[in-house]
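Notes follow once the structure below has been shown.
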Amino acid sequence: MPELPEVETVRRGLAPALEGAVIAKATAFRPDLRFPLPPGFAENITGKRVDSVDRRAKYLLLRIAGGMVMLSHLGMSGRYRIYKDAPPALEPHDHLELVTDSGVTIRYNDPRRFGILDLFPEEGLATHKLLASLGPEPLSNAFDGPALAAGLGDKRTAIKLAILDQRVVAGVGNIYASEALFRAGISPKRTARTVKRGRADKLAAAIRDVLNDAIAAGGSSLRDHRQTSGELGYFQHSFKVYGRGGETCPGCGTEAGIRQFVQGGRSTFYCAKCQR
DNA sequence: CTACCATCCTGGTTGC
DNA sequence: TGCAACCAGGATGGTA
């Protein structure tokens, strides 16, 4: 499911429930998701206070008092749901439950189990295998045209594939890659190394803007994504090209102008007239 | 470096 | 109605 805006939406939901709260009870209902959970995962966070709920790229990072970090990645189908009162019965694919000292229940559900849970000392943050090679945060001041162009470097791969590379820019996924390229007027097929100067400025701004717009809309709900309250996100109604193959281009009005094709095994949507 | 493929899983949709 | 094929927001690792 989740790209950066969906993860940020989840973070904003979890933060008020968890920050400053003590995890009175933690239960992991299976020993593994994509990877095995570290031994004693649930036991080691039980009784601990959560200092903050942060995000890096598509990773949620919970700072646990005592110097540990709990990492959570939602994979394709992960969801968090918060229950302020008595929670309903467990559902299929509920894999983790946290109950805070104020009686709030937080459940992680992930049918496809591509998600990740990890727990490690905060000294290991910079060198964590999953975090070490991530590129710039697209919403940070460090991300602009020159930074993007530098990340693209001499790559001869298509620009769509390049911005899906988490080392180039962290947090862009398949939906927002197509949407950002449409906003920037750049063809997804364009060779990455040719995106420089003006085009790079435009694309960096388009990435930032589309992510911010999506966050403001609570993310995009296609199948799985929900806010922690259970509410749907609604940015999917603002997609210009994603999922709109065969439709009229909203940019130039060309009938059936939105085309769909496969890049790197994943669907890309674009308008050949608006995007060069 | 690049392209391409398979892999980890389940579930919803599509097409016969 | 049934069933199989296909597709899905991610990411890694292997091969050529």
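Protein chains get the first letters and strands the later ones, always in sequence-line order, with residue 1 at the start of each.
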Rounded to the nearest angstrom, tell me the gap between atom CD1 in A:Ile116 and atom P in B:dT7.
-> 20 Å

Does a donor on one side chain and an acceptor on the other come within less than 3.5 Å for A:Tyr80 and A:Ser72?
-> yes

Could you check whether A:Ser220 gets within reach of a base, just the sugar-phosphate, or nothing at all, counting any heavy atom under 4.0 Å?
-> base

Rounded to the nearest 0.5 angstrom, the OG-CG distance for A:Ser220 and A:Asp213 is 10.5 Å

Protein-nucleotide distance (A:Ile163, atom CD1; C:dA11, atom C1'), rounded to Å | 17 Å

A:Lys189 versus A:Phe261: any side-chain heavy-atom pair under 4.5 Å?
-> yes

With a centroid cutoff of 5.5 Å and a plane-angle limit of 30°, would you call A:Phe114 stacked on C:dG10?
-> yes

Within a reach of under 6.0 Å around NZ of A:Lys48, are more than 12 heavy atoms found that belong to other residues, nucleotides or ligands?
-> yes

Of C:dG10, B:dA3, B:dG11, the nucleotide closest to the side chain of A:Thr157 is B:dA3

Give a yes or no on this: more than 12 heavy atoms of other residues, nucleotides or ligands lie within 6.0 Å of atom CD of A:Glu231.
-> no

Could you check whether A:Tyr242 gets within reach of a base, just the sugar-phosphate, or nothing at all, counting any heavy atom under 4.0 Å?
-> sugar-phosphate

Whole-Å gap separating P (C:dT12) and CZ (A:Arg167) | 8 Å

Report the nucleotide, chosen from C:dA8, C:dG10, B:dA3, that has the shortest atom-to-atom distance to any side-chain atom of A:Gln260.
-> C:dA8

Checking N1-N3 plus N6-O4 or O6-N4 for Watson-Crick, or N1-O2 and O6-N3 for wobble, each under 3.5 Å, the partner of B:dC9 is none

What's the CD1-P distance between A:Ile175 and C:dG10, to the nearest Å?
-> 7 Å

Side chain of A:Ser267 only, please: which of C:dG10, C:dA11, C:dA8 is the nearest?
-> C:dA8

Closest to the A:Arg113 side chain, choosing from B:dT10, C:dG10, C:dA8 | B:dT10

For the pair made of CD in A:Gln263 and P in B:dC4, what is the distance, rounded to whole Å?
-> 10 Å

Kindly say if A:His73 contacts the phosphate of C:dA11, meaning a side-chain N or O under 4.0 Å from OP1 or OP2.
-> yes

When you get a sec, tell me which of C:dG10, B:dT2, C:dA8 is the closest nucleotide to the side chain of A:Lys155?
-> B:dT2

Taking the side chain from A:Glu3 and the backbone from A:Tyr176, do they hold a donor-acceptor pair closer than 3.5 Å?
-> yes

Are any of A:Gln166's side-chain N or O atoms less than 4.0 Å away from OP1 or OP2 of C:dA11?
-> yes

Below 3.5 Å, does any donor atom in the side chain of A:Arg156 face an acceptor in the base of B:dC1, or the other way round?
-> no

Between C:dG2 and B:dC9, how far is it from one P atom to the other, in whole Å?
-> 29 Å

Distance, rounded to the nearest Å, where A:Leu71 contributes CG and C:dG10 contributes C1' | 14 Å

Ignoring hydrogens and angles, are the base of C:dA8 and the side chain of A:Arg112 linked by a donor-acceptor pair under 3.5 Å?
-> yes

Provide the distance between the two C1' atoms, one in B:dA3 and one in C:dA8, to the nearest whole Å.
-> 23 Å

Please check the phosphate of B:dG11 (OP1 and OP2 only) for any side-chain N or O of A:His93 closer than 4.0 Å.
-> yes

Here the distance between atom P of B:dT10 and atom CG of A:Asp32, to the nearest Å, is 11 Å

Out of C:dA11, B:dT10, C:dG13, which nucleotide sits closest to the side chain of A:Lys129?
-> C:dG13

Using whole Å, report how far CZ of A:Phe35 lies from P of C:dT12.
-> 8 Å

